[in-house]
Amino acid sequence: MQVMFLCNHCPFVKHLKKDLAKLSNFYMKVAKFPSTFWKGLAVVAISSNSVATHPQDGPQFMAEDAKLYNYPFPYLYDELNMFKPQTQDVARDLGAVCTPEFFLFKKVGNDKSCHEGFIVGNDGRRPFELVYHGQFDDSRPSNSVPVTGSLAIDSVLSGQPVPSVQKPSVGCSIKWHPQKS
């Protein structure tokens with residue numbers, strides 16, 4: 001499962017939008033490879049930016065962006081309770097600090113051990129382990145490096161170890177709600 005922290009206004013995210021849609025379409029489908037069937041990758045994008053400071057990153061504009069770029073994944077707003085102000089709890093709980101920022105989780109079956117870096121299900125199990133946290137690739141708006149995606153995705157989907165080099169995300173800081181800073 002890949003969790004992506006995105007927003008609408010950041011030039012680093014804008015640089016990736018078309019390729020994120022294309023690569024997500026590829027990885028989300030069940031692909032047949034020689035002698036191996038890969039399961040599709042679950043992908044979700046989250047905008048955690050405060051609409052108080054950056055209204056262009058709010059749900060209405062997110063929906064327009066998702067339609068414009070034909071996102072094949074849910075593009076969610078980080079607000080856990082519609083009766084409370086924006087919580088930004090998902091970003092805080094995962095430790096996201098910028099956009100774009102990527103978290104790749106590997107399914108670990110029925111492992112019920114308590115390790116840091118797991119997502120906890122409603123039943124208390126921890127079926128997903130964080131195996132990559134960082135940037136998508138070395139492509140930037142200001143360089144000519146092509147957008148290729150993370151090699152970590154291929155490793156997770158093929159059951160191979162994830163490369164140990166994890167590069168921190170580079171982009172725009174998450175715009176924290178003034179009352180939650």
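As the structure is a prediction and not an experimental result, all values here were calculated from the model. Quick note: residue numbers are just sequence positions, from 1.
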Give a yes or no answer on whether the side chain of [X] reaches the backbone of [Y] with a donor-acceptor pair at less than 3.5 Å.
X    : Y    : answer
Q160 : V156 : no
T99  : C7   : no
S48  : Q88  : no
N49  : I174 : no
S24  : A21  : no

Can you hop from [X] to [Y] via hydrophobic side chains spaced under 4.5 Å?
X    : Y    : result
L68  : V43  : yes
V147 : L41  : yes
V97  : L130 : no
F12  : Y132 : no
F26  : I153 : yes

Contact check, side chains of [X] and [Y], non-hydrogen atoms, under 4.5 Å:
X    : Y    : value
R140 : V170 : yes
V3   : F102 : no
L94  : F5   : yes
Q2   : M28  : no

For D57 and M62, what are the C-alpha separation, side-chain angles and deciding distance, and is it a side-chain contact (heavy atoms from CB on, under 4.5 Å)? CA-CA 6 Å; D57 291 336; M62 291 168 54; 5.8 Å; no
All salt bridge (Lys or Arg N to Asp or Glu O under 4.0 Å) counterparts of K14, not counting sequence neighbours: none
Any side-chain donor near an acceptor of the partner, Y71 and N25, under 3.5 Å: no
Any side-chain donor near an acceptor of the partner, K175 and S173, under 3.5 Å: yes
Quick one: closest heavy-atom pair of [X] and [Y], and the distance?
X    : Y    : value
F61  : P55  : CD1-O, 3.3 Å
G58  : Y77  : CA-CE1, 4.4 Å
P178 : S50  : CD-OG, 3.8 Å
V131 : K106 : CG1-CB, 3.7 Å
L20  : F73  : O-CE2, 4.1 Å
H177 : A52  : CE1-CB, 3.5 Å

With rounding to the nearest 0.5 Å, note down the distance linking CG in L104 to CD in E129. 10.5 Å
For the pair D138 and K167, find out whether any cationic side-chain nitrogen is under 4.0 Å from an anionic carboxylate oxygen. yes
So does R92 pair up with D78, basic N to acidic O under 4.0 Å? no
In this structure, which one of D19, L23, T148 forms a side-chain contact (heavy atoms from CB on, under 4.5 Å) with F136? L23
Please identify which of these residues, H9, K17, Q60, meets the side-chain contact (heavy atoms from CB on, under 4.5 Å) condition with D65. K17
Using a strict SG to SG cutoff of under 2.5 Å, would you count C172 and C98 as disulfide-linked? no
Classify the ring geometry of F103 against H133: parallel below 30°, tilted from 30° to 60°, perpendicular beyond 60°. parallel
Please test V44 against L76 for side-chain contact (heavy atoms from CB on, under 4.5 Å), starting from the C-alpha separation and ending with a verdict. CA-CA 8 Å; V44 63; L76 308 173; 3.4 Å; yes
Verdict with reasoning, V51 to H54, per side-chain contact (heavy atoms from CB on, under 4.5 Å): CA-CA 5 Å; V51 294; H54 288 74; over 6 Å; no
Any chance you could lay out the side-chain contact (heavy atoms from CB on, under 4.5 Å) test for L16 and L6, step after step, and finish with the verdict? CA-CA 10 Å; L16 294 175; L6 306 178; over 6 Å; no
